[in-house]
There are 2 protein chains.
Amino acid sequence: MKRGLEKIAPRFKLWLESGKTASVFGDGKWRLLNAINQTGSLSAAAEKLGISYRKAWGDIRNAEGALKVKLLDRHRGGKEGGRTRLTEEGKRWLREYGRFQAAVDKAVRAGYQDWLGRMQTAREGTAGEKGA
Amino acid sequence: MKRGLEKIAPRFKLWLESGKTASVFGDGKWRLLNAINQTGSLSAAAEKLGISYRKAWGDIRNAEGALKVKLLDRHRGGKEGGRTRLTEEGKRWLREYGRFQAAVDKAVRAGYQDWLGRMQTAREGTAGEKGA
DNA sequence: CATCGTTATGTTGAGCAAAACATATCGCGC
DNA sequence: GCGCGATATGTTTTGCTCAACATAACGATG
């Protein structure tokens, strides 16, 4: 087996673009929706993800603006100070984009295994290949 | 059909990591190998890709260092000033990583189509869906 | 009507990767 | 041995994202 290749691992980033805007949706926003869905609060979601509230808020702003979709129902004031929940559209994005991402992840793993196999077998018969 | 979704397109980045090094190989280095293979020169390849020679050289340095593989045969001096060609290993990386990338690209497109379909059909029977 | 916790939003600073700039080295051919 | 064109490599500038900081608005509740 070709040494060195064992330590290597594939990584990928997936996102959606729309014209000028570099990334209208991707893993970060997906995680954010997920956290909001679990916590019922934008600030709590931000803290959970280890990002600033400022960034979380800005991300949502950009996503909703670019997609022209209302992802969240947000409310200020009240006993709890406020709350945020996903709209039906938001839930749909969370669910379906998650599936999309999972499918790509699966393909990357499979493609990587194929690649590994090809990189290794391509040297069969090269001599000096002492097995374990 | 849900409006807005037509303008959206999926993008992805794929790369290989090894421990501490963030990216030991990816699309940029693949393109670079490809251009070197076509031009027979590192500087010509850099110009072709619109990147500085400094960056191209550094990328090769990092890749060869992290992978512990000799990707290029480089020569200085001579009438032409110098030249650079891919080693057999270099050609193998070019070919096989290209296939890996192509497979992932295909999966992304397919996954995106599935996603699009799900995002659109999920609203059938919602009323107000006046066709073109 | 004062309090409290959350949403809302502008502003400034820090960190990092790429671009830009600057030289040095090599070696064949004339 | 001088020149040309490509490789080799250190240094400086910049540009962009995210973190950090600061402050306002909101509104149910006691």
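Atom set for the values below is all heavy atoms of this structure, side chains included, hydrogens, waters and symmetry mates excluded. Below, chain A is the first sequence line, B the second, and so on; all start at residue 1. Bear in mind that the values here come from a model prediction, so they are computed numbers and not experimental data.
Not counting sequence neighbours, the partners of A/R109 by the side-chain contact (heavy atoms from CB on, under 4.5 Å) test are A/D105. With sequence neighbours left out, B/R61 forms a salt bridge (Lys or Arg N to Asp or Glu O under 4.0 Å) with no residue at all. When the ring-ring contact (aromatic ring centres under 6.0 Å, His included) test is applied to A/W93, the partners found at least two apart in sequence or on another chain are A/F25, B/W115. Residues satisfying the salt bridge (Lys or Arg N to Asp or Glu O under 4.0 Å) test with A/D73, not counting sequence neighbours, are A/K70. Among residues two or more places apart in sequence or in another chain, the salt bridge (Lys or Arg N to Asp or Glu O under 4.0 Å) test is passed with B/R74 by B/E64.
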| task | Using a 4.0 Å heavy-atom cut-off, write out nucleotides 3-17 of chain D from 5' to 3' as B (base contacted by protein), S (sugar-phosphate only) or - (no contact). | result | --BBBBBB-------
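Residues in residues 35-58 of chain A take part in these salt bridge (Lys or Arg N to Asp or Glu O under 4.0 Å) pairs, two or more places apart or across chains: A/K55-A/D59.
With hydrogens and angles left out, the side-chain atoms of B/S43 and B/S41 include a donor and acceptor closer than 3.5 Å.
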Side chains of residues 27-36 of chain A: which donor-acceptor partners sit under 3.5 Å, not counting sequence neighbours?
from  : atom 1 : to     : atom 2 : distance (Å)
A/D27 : OD1    : A/Q101 : NE2    : 2.8
A/D27 : OD2    : A/R31  : NE     : 2.6
A/D27 : OD2    : A/R31  : NH2    : 3.4
A/W30 : NE1    : A/L94  : O      : 2.7

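Each end of the helix from C/dC1-D/dG30 to C/dC30-D/dG1 gets its own rotation axis from five pairs of C1' atoms, and the angle between them is 10° to the nearest 10 degrees.
Rounded to an integer number of Å, the gap from B/L49 CG to C/dA19 C1' is 15 Å.
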